[in-house]
Amino acid sequence: MQQSDKTGSDPPIIAMDRRCATTPGYLEDAPGSFGFDPLGLAKNPANLQRFQESELIHSRWAMAGVAGALAVELLGLGDWYTAPLWVFDPNGKPTWLGIEIPLDIGAIAGIEFILIAAAEIFRNGESDPEKKKYPGGAFDPLGLSKNSAILEENKLKELKNGRLAMLAFIGFVAQQAVIKQSPLQALGTHLADPWRNNFATNGVSLPLPKSWL
C-alpha cells in the first residue's frame, strides 16, 4: 500500500497493491498472477506451465459455454439444462439453433472426439510453450499479437473474463440445482422482487429458518 506525499487539504490518494505481500519469484511475470501459491505447487516450472495452460483452456471453454447458454436462451430456443435431454428421449432429435440435425448421439460424439483430439495433438506438438497457449497466425487474423503491449493487455483480459466465466457457469449449475430455473429466468425473478428472490432466500445458500424468509 502506498500513500501519496501530497500536502494541503486534498485527501490522500491510496493505491492498493492486490498482490500477496510476498509474491514468489516464479509468479512475478505470470499473466493475471496475484502471487497466491501457499502450497508452492507452481515452484516446478513444468507444473507452472501446465497450470497456466489448463487455466487458459478451461477459461476459453467456459467463455464459449456461458456465451452459448445465454445466447440460446435469449433467442428463445430453450436453455442450457434442457438442451441435451434429447439424448435420453428415444424419439429425441438434436438441434442447432432450432434446426434439426440428422445425426444420433454416437455420430456427434465421434465427430467431436476426432476434432478435439486433432486439435490437442496439433497443440501438444508445439515445442514453444508460449505458442501452445497463444498460437497466433490463423488464430490472430487481425494481427493483435504483433504489438507486445496489446498482447500482454489482452492476455490479462482473457484470463479475467475466463475466470469470471468459470465462476458464472458454476453459478448456472448451482442455480439450476437449487431453484430449477435457467439463468435468465432467475434474473427475471430476482428483478421482479429483489428482496424476496435472492441467494439468501432460496433456502439452500444460507441455512436460515423458513420463518425468517
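L85 and W80 are not part of a single hydrophobic cluster, where members link through side-chain heavy atoms under 4.5 Å apart. Residues I114 and I105 do not share a hydrophobic cluster, defined by chaining ILVMFWY side chains whose heavy atoms lie under 4.5 Å apart. L70 and M63 sit in two unconnected hydrophobic clusters of ILVMFWY residues. Membership requires side-chain heavy atoms under 4.5 Å apart, directly or through other members. Criterion: ILVMFWY side-chain heavy atoms under 4.5 Å apart, direct or through other members. Under it, I111 and V87 are part of a common hydrophobic cluster. Transitive grouping of hydrophobic side chains (ILVMFWY, heavy atoms separated by less than 4.5 Å) brings L184 and F172 into a common cluster.
In this structure, I150 CD1 and K157 NZ are separated by 9.0 Å, a value rounded to the nearest 0.5 Å. Here the CG atom belonging to L151 is positioned 13.0 Å from the NZ atom belonging to K146, to the nearest 0.5 angstrom. With rounding to the nearest 0.5 angstrom, the CG atom of L115 is 12.5 Å from the CD atom of E120. Atom CG of residue D140 and atom CG of residue L142 lie 7.0 Å apart, to the nearest 0.5 angstrom. Rounding to the nearest 0.5 Å gives a distance of 11.0 Å between CD of Q49 and CG of N44. Here CD1 of I179 is found 8.0 Å from CG of N197. Values are rounded to the nearest 0.5 Å.
Considering all non-hydrogen atoms of both residues, E53 and K133 come closest at CG-CG, 3.7 Å. When all heavy atoms of A165 and V66 are compared, the closest pair comes out as O-CG2, 3.5 Å. Of all non-hydrogen atoms in L103 and P94, the two that sit nearest each other are O-CG, 3.1 Å.
I101 is not listed as a side-chain neighbour of K93, based on a closest heavy-atom distance of 4.5 Å or more. At least one side-chain heavy atom of Q175 sits less than 4.5 Å from a side-chain heavy atom of P183. Side-chain contact between L56 and Y134 is present, with heavy atoms from C-beta onward closer than 4.5 Å.
By the neighbour-count criterion of 12 heavy atoms within 6.0 Å, atom CZ of F51 is densely surrounded, having more than that number from other residues, nucleotides or ligands.
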Discussion item. Working note: K131 + D128, criterion salt bridge (Lys or Arg N to Asp or Glu O under 4.0 Å); need CA distance, chi angles, decisive distance, verdict.
Written reply: CA-CA 5 Å; K131 285 189 175 181; D128 186 334; 5.1 Å; no
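Within the structure, side-chain hydrogen bond (donor to acceptor under 3.5 Å, both in side chains) contacts touching residues 54-79 (residues at least two apart or in different chains) are E55-R163, R60-E158, E73-S182, D79-T82.
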